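These notes concern the structure reproduced below.
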Amino acid sequence: MSSSAGQRIDEESYTSWRQRSELEKMTDLPQALDDELARLDNQFWIPRTKLEEIVSRFCEELEEGLAKDKQNIPMNITWVHNLPTGKERGTIMTLDLGGTNLRVCKVDLYGDEGRKQGDGKYGMEQEQYKLPEELKKGESDALWNFIAEKVEAFFKDHKLDQQYSTQKPMPLGFTFSYPATQDRIDHAVLQTWTKGFDIKGVEGQDAAKQLREKLQERKLPVDLICVINDTVGAMIASAYNDPETIIGGIFGTGCNAAFMASLSSIAKLDPNDERITDASSHNGAVKGEEKMAINCEYGAFDNSHRVLPRTKYDEKIDAESPRPGEQTFEKLSAGLYLGEIFRLILVELLDRGLVFNQDSNQDTRKLREPYIIDTGFLSQIEDDESHKFTKTRELFQSTLSLQPSDVEIEISRRLAEMIAVRGARLCACGVAAICTKEAIKKGHVAADGSVANKHPKFKRRWTKALGEVLGWKEEECGEGEGPITITSAEDGSGLGCAIIGAMELERRTKKEAH
Ligand code: GLC
């Protein structure tokens, strides 16, 4: 038996998909579809031995990124030197440009005081705006104007214009969740767009400067003091409350993680760099134990195609994306792509007359629209416990204008499971690699993103794969949990960004006082 994807085939991967599946059979599949499923499972199932191979290569790429610039995984320096103490206080405005929405927040940090008074540690007012599709492939001016306009509206609506002025501006933090090179915390040169974005005029440029210019044009009383990544935000937000936080991870439209690395492990950083000695002397770190948050940007893992088992569907997604050859790992595991993989398989089955065949007289045009199916579609199929799968039928009707037969429902459930299981097992590899490299044995992975939060079975599958690859013993594990667990990063991109802003303001004050 051979596989176009070059994945190792062993007894386990070839014979046992029926035993592995958690789904109860709803109806028998015709032989041709049953054979198809076995063929697909053969390509999508990643056995433990393959997971180990992936993690071992992953560790090497993480090291390469720390050693030198311009490696597959960039391991970006963030200038966030420590985890928060939990006492940080202040009021900060934050902007969060993710893959789908722009969020503007006003965050009040109360630190321990708030907790004592029973108010919780922070308060948040926020507005969310959907990013227009044309913006994602347009010009930089349109993007920054859109953002500046929303900041202006937020200022008015939340009456902030009465409290702040250009002489006394409101501190602003920007969660810019794309790979960026930072020379300072308030600067971020975009390396490449990811997550399907393709806005002209930003790559190679300082996104902070471009945003600042638009904010100034409108004379908005804000001072942009930090630019952060969503993974770093998740880690810092979680650590504000939870000292067991080890990693911040995003399992959503994109897939990435951040952790605190010791400065001595970041070979590409000059330990005598003034900015490091300066920061360390102001944050009380003991010499030799200084740290730096690293935004891995590991969606780019295996861009040289050495180890990941890519299928022809993954190859097609890559070839038709705005940046072919980039974000190989992300294109197999992140939310933006899971629905599209599902759609490509269904279209292939359609073209071969195996589903929605002509006798059923259905209009299959919508199914041919790229990216019409999102991850939510797959989550809902996997979540459907309704009698005769009425919810799945409604979903096909509302999204694709199709009325699936029982057989088509059955094959869709199997495909949704197969694609999501592969995604979750791959997502575990990134975290396993960080833990292996850093010799982390236990702790909390603060996770955010639509796949982590909304997919009903993601956490369990992710935990199982992590346990397989890290070799957890039964006695180390609780019910569906191991020594390394996923926790939810509450408002990571807003709260985390505000805390980093407060830490930065504190650092500046100490520096001035020096
Ligand atoms: C993409 C981005 C990365 C982000 C991740 C999750 O991988 O490049 O910066 O952290 O998506 O949003």
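Both ligands and their constituent atoms are indexed starting at 1 by order of listing. The structure displayed is predicted, hence computed values, not measured ones.
Residue Glu63 is tested with Lys68, Lys437, Arg57 for a salt bridge (charged side-chain N to carboxylate O under 4.0 Å, His left out); the sole match is Lys437.
Using cut-offs of 30° and 60° for the angle between ring planes, the Phe197 and Tyr178 rings count as tilted.
Sorted by chain then number, the residues whose non-hydrogen atoms approach ligand 1 to under 4.0 Å are Ser177, Tyr178, Pro179, Thr194, Lys195, Asn229, Asp230, Thr231, Ile250, Gly254, Cys255, Asn256, Glu297, Gln327, Glu330.
No more than 12 heavy atoms of other residues, nucleotides or ligands shown are found within 6.0 angstrom of NZ on Lys441.
Using modelled atom types, one finds a donor on one side chain and an acceptor on the other under 3.5 Å when comparing Gln191 with Asn76.
How far SG of Cys226 is from CZ of Arg507: 11.0 Å, rounded to the nearest 0.5 Å.
Evaluation of the side-chain contact (heavy atoms from CB on, under 4.5 Å) rule for Leu505 yields Ile92, Pro171, Ile225 as partners, not counting sequence neighbours.
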